[in-house]
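Beneath this line is the structure, given in structure tokens, with notes to follow.
Both ligands and their constituent atoms are indexed starting at 1 by order of listing. These numbers were taken from a predicted model, which means no experiment stands behind them.
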Amino acid sequence: MIEVIKSVDDLARQKWDVLVPTMGALHIGHKTLIELAKKEGERVIVSIFVNPLQFENKEDLINYPKSLDSDINLAEAAGASALFIPSEDVIYPGDIEKIPAGVFGDIYEGSSRTEHFSGVLTVVKRLFDLVKPKVAVFGEKDFQQLFLIKQMVTQLKIPVQIISAPTIRDNAGLAVSSRNIKLGSDGEKKAQVIHRALTKQTFEQMQKEISSEPGFKLDYLEVIDENSFEKAKTDTQNKRVIIAGWVNQIRLIDNMPMGNK
Ligand code: PAF
């Protein structure tokens, strides 16, 4: 039976090779993160903490999906040794230094949610400090988050290696997310335009594809340099397309290396 750890003392009694930070509501995307973690080290711990600091909207925080029993089963089946499920006062005991996200935290996903990435970095740093993993695994679906975490690790010289796992998609290419259930089958159909657009070869073709689906309300579509997160130039080596928008008021994000089929 997988161990469920709640206190810092119980956490500190053992050594952890790999951390997979999550907010619960685990799905097949998380399963692949845990399976990848298992390849990096024997002792894998999955944290589940719905981090209030990264939610601008209190209602989103309250309504964040919870499925603890199935989370425990999924983490165990995927090979995790333990789950770390701390309460808020374990993560934030009194005053905690907030980590600023810098200029790349204020654009794209950060432009309308000013404190979001600072909240993400603050909790991730806190989890690294408590768990002290050698390796931590994050999904590529939240590409800006991944970039900012890597940047923080470099800037603060945190002794952890960041590994990323490619996005898991359904048969129609829709990136797996805990939000997808809210879409319904009609919403899912509309959301499939994202993958159709991301797999086009030019930016103009992508824009055209997006505008062919009136049910998708675009927030941003951009080609960035995946190493610097700056807008890509003609000679950029590793270009990545990032996109966000809404289907039936559900916000969806995705990304792909440019020119992927
Ligand atoms: O990607 C997530 O689930 C969260 O942002 C993370 C990294 C667990 C921090 O709360």
Indicate the atoms forming the closest heavy-atom contact of Leu61 with Lys66, along with that distance. O-NZ, 4.2 Å
Applying side-chain hydrogen bond (donor to acceptor under 3.5 Å, both in side chains), can you list everything that pairs with Glu76, at least two apart in sequence or on another chain? none
Ring geometry between Phe229 and Phe147 (parallel below 30°, tilted from 30 to 60°, perpendicular above 60°): tilted
Closest non-hydrogen contact found for Leu11 with Trp16 is O-NE1, 3.1 Å
What are the atom names and distances for all N or O pairs under 3.5 Å between ligand 1 and the protein?
{"residue": "ligand 1", "atom": "1 (O)", "partner": "Gln145", "partner atom": "NE2", "Å": "2.9"}
{"residue": "ligand 1", "atom": "5 (O)", "partner": "Gln54", "partner atom": "NE2", "Å": "3.0"}
{"residue": "ligand 1", "atom": "5 (O)", "partner": "Gln145", "partner atom": "OE1", "Å": "2.7"}
{"residue": "ligand 1", "atom": "10 (O)", "partner": "Gln54", "partner atom": "OE1", "Å": "2.7"}

Scan side-chain atoms only and decide if Gln14 and Glu3 contain a donor-acceptor pair under the 3.5 Å cut-off. yes
Is it the case that over 12 heavy atoms from other parts of the model lie below 6.0 angstrom from the CZ atom of Arg179? no
